[in-house]
Number of protein chains: 2
Amino acid sequence: MPETAARRGDRLAGSRYGNRPTMKDVAARAGVGLKTVSRVVNGEPGVTADTERRVQEAIEALGFRRNDSARVLRKGRTASIGLVLEDLADPFYGPLSRAVEEVARAHGALLINGSSAEDPDREQELVLALCARRVDGLVVIPAGDDHRYLEPELRAGVATVFVDRPAGRIDADVVLSDNFGGACDGVAHLIAHGHRRIGFIGDMPRIHTAAERLRGYRTAMADAGIPVADSWTSLGVTDPLRVRRAAEEMLSGTEPVTAIFAGNNRVTVTVVRVLAAHSRPVALVGFDDFELADLLQPGVTVVAQDAAQLGRTAAERLFSQLDGALVTPERVELPTRLITRGSGELPPAD
Amino acid sequence: MPETAARRGDRLAGSRYGNRPTMKDVAARAGVGLKTVSRVVNGEPGVTADTERRVQEAIEALGFRRNDSARVLRKGRTASIGLVLEDLADPFYGPLSRAVEEVARAHGALLINGSSAEDPDREQELVLALCARRVDGLVVIPAGDDHRYLEPELRAGVATVFVDRPAGRIDADVVLSDNFGGACDGVAHLIAHGHRRIGFIGDMPRIHTAAERLRGYRTAMADAGIPVADSWTSLGVTDPLRVRRAAEEMLSGTEPVTAIFAGNNRVTVTVVRVLAAHSRPVALVGFDDFELADLLQPGVTVVAQDAAQLGRTAAERLFSQLDGALVTPERVELPTRLITRGSGELPPAD
DNA sequence: TAGAGCCTGGACAACGTTGTCACGTACGAG
DNA sequence: CTCGTACGTGACAACGTTGTCCAGGCTCTA
């Protein structure tokens, strides 16, 4: 005898009060066939009003809820998409995630999301777990730089869009901000206000956005004919303590910087703290906008990118893929916007 | 002939390159039985090294990925939990969600989350969708005040914990902040600094947290023997425009308030903006901490609650339920902390 | 009133996986 | 040499749903 009733009870010992009712149970209670219940649950035609009522009553009485796992198994689509990002607690990703969710909702899909914590292994683990759950599509903010592990998934038809940073070693849709252009603009803005000794504090250059912003900084400096001293750039620095130390170093010594370009919102916030305690006024432009930037003294000038718009665009491309509307992977780049609030317009305090 | 191969092709026309390999395909390629593949995939014992290697090669070659829908159907557990909150873009919920995710991850579970947008219908829709997907457990920040629709789920053994606000009309675990006590402390702090005309701006009292904070405000005022004028409290106000108007009203007239207690972080931020443009100094204490509160002029005194700790506590209770460790629903209340930074210590400018 | 056509409802297979059981082979003990 | 045992392996049913097909009853028309 395969899998006796007793055994089945054992297997479900974890449940508090036994098993959930199935369509079969509903059918028995309503005195109809299994398929009729299915029809009622799915609003399919071909059921008389009276039968439908009886089925509805049985559903109500038993507290029946369709098992979507079985449904997915049968239908092949899960009506859910996955979002892998770096850290949901980061104020940059909250709105992005929410925007993706809204688009998903409009398409009747749920969103499963996971934080990679900037760890490539964890990213892969998450992505593959999502694929095992057969999400219809993936929105990925990559932590790693090699995504060949996704090839079988892409072949199998999992729609995929990368956001904020491009995919590594595979050809896939990607939605980016104009990190290079934005950084150029921000640094050029400082130069236009008379600064020549400008510091840059950013993340590890292996992260695409960080590398692009650094390139923007270097290009703007080169375009203005300003040689960049080694001591002016500080890379791979994100935790507040090290950012603080890096900023303090740039601000001391024989050739102190008169302005700082901060590579992302977390860096900016820490630099603001350092500058607040600093004697001389130092100009500051940050990449990424943040709440209350306008209320600080002085207001913080930033290169703003629209996180929600990034998410929305990516999600919309995802569903276009699922509708079969897109064939060739594309790279979409969204513009950034320089918002002047005071800190970037301070003159050099030489 | 039921469901011909041709039909099957039709059904999958949406996929880009056809179907995914199954264990059967892997078995055929490796020249072993289906169950042997299952054993390898799940790391079960009873497979020789040589067989295992052949299976692994076939898996690699075909890009096989286990279909968790089928697995769930068979095993009854999904290793995923659902989180329903108000708005992921709100800086209060980001860290909370992340904390829940971390606990889930430690238990090998994925997190599916959805935003209710403070709409009870949408909350129910989300919760039921999650139940249909057979999540093992639910963490809910309720928008509605009647959760009897969850009764069948609870009976069926879906672990459930409510956070931030209690469940309505059902008996369930709940993890809260001490909203009443925190508000009391905050208002008492203002009173201790000499204020008597203190305004309160908060959310709709149908939201539990808002009601509790209002109660705290009233209690603190009553304890100090201060009668509260109607014009000092403004409820159901969250969007910046109306908060602004409410604040401006309190600050004008014959009996203007000399201090404001703000009912949540969004209100606080808007009030800060209003006060920045105001001629007279006005004291402010806000409920909820927020980034950069210390850098404003003056720093903003707040009643801080630990969102991450709320999420962590709730998630841990959830997994305790799943382990069968908990039987009786409980109410856990986490303390709040008054953080003085200047704005709450301003004397009344009478 | 008989036949055609429609409408309703049910039987059955299939989705991809895992639990159970049984078979066969190799090996050690008696 | 034979029996028992242990182990590796595979056949098969079952999870709960949906798609297909067929049967039976009804209505409508000639």
Do A/Arg133 and B/Asn67 pair up side chain to side chain, a donor and an acceptor below 3.5 Å, judged on atom types alone? no
Check whether any side-chain nitrogen or oxygen of B/Thr22 sits under 4.0 Å from OP1 or OP2 of C/dC15, and answer yes or no. no
A/Asp50 CG - D/dC26 C1' separation (whole Å): 16 Å
Any side-chain N or O of A/Thr36 under 4.0 Å from OP1/OP2 of C/dG10? yes
For B/Glu86 and B/Ser116, does a side-chain donor sit closer than 3.5 Å to a side-chain acceptor? no
Any donor-acceptor N or O pair under 3.5 Å, side chains B/Asn113, B/Ser97: yes
Remember a base hit wins even if backbone is also touched, and classify B/Ser38 as base, sugar-phosphate or nothing at under 4.0 Å, heavy atoms. base
Pick the nucleotide of DNA chain D nearest each of B/Arg134 and B/Glu52; which residue has the one closer to the 5' end? B/Glu52
Side chain of B/Asn42 only, please: which of C/dA14, C/dG9, C/dT18 is the nearest? C/dT18
To the nearest angstrom, how far is A/Leu34 atom CG from C/dT8 atom P? 19 Å
B/Arg20 side-chain N/O to A/Gly157 backbone N/O, donor-acceptor pair under 3.5 Å: no
Between B/Ser69 and C/dG16, does any side-chain N or O lie under 4.0 Å from OP1 or OP2? no
Expressed as a whole number of angstroms, how long is the span from A/Leu73:CG to D/dG19:P? 13 Å
Per B/Arg74 side chain, nearest of listed nucleotides D/dA13, C/dT8, D/dT17: D/dA13
Rounded to whole Å, please give me the gap between CZ in B/Arg133 and P in D/dT17. 14 Å
At under 4.0 Å between heavy atoms, what does B/Val32 touch on the DNA or RNA strands: base, sugar-phosphate, or nothing? sugar-phosphate
Can you tell me which nucleotide in C/dG10, C/dT17, D/dT17 comes closest to the side chain of A/Lys35? C/dG10
What I want to check is whether an N or O donor and acceptor connect the side chain of A/Arg39 with the base of C/dG9 at under 3.5 Å. yes
Is B/Val47 touching bases, backbone alone, or none of the nucleic acid, heavy atoms closer than 4.0 Å? sugar-phosphate
Report the distance from atom CZ of A/Arg66 to atom P of C/dC15, rounded to the nearest whole Å. 20 Å
Measure CD/A/Glu44 against C1'/D/dG19 and give the value in whole Å, please. 9 Å
Using a heavy-atom cut-off of 4.0 Å across all strands, would you classify B/Asp68 as base, sugar-phosphate, or nothing? nothing
Closest nucleotide among C/dA14, C/dT18, C/dG9 to the B/Lys75 side chain: C/dT18
Using heavy atoms to find the nearest nucleotide of DNA chain D for A/Ala70 and B/Thr51 separately, return the residue whose nucleotide is more 5′. B/Thr51
Will you find, in the side chains of A/Asp87 and A/Ser115, an N or O donor that is under 3.5 Å from an N or O acceptor? no
Classify the ring geometry between A/His147 and A/Phe162 as parallel (under 30°), tilted (30 to 60°) or perpendicular (over 60°). perpendicular
Between D/dG10 atom C1' and B/Lys24 atom NZ, what is the distance in whole Å? 14 Å
Measure from the side chain of B/Arg71, starting at C-beta and using heavy atoms only, and say which of D/dT17, C/dG10, C/dT18 lies closest. C/dT18
Nearest whole Å is fine: how far is D/dG8 P from B/Arg54 CZ? 15 Å
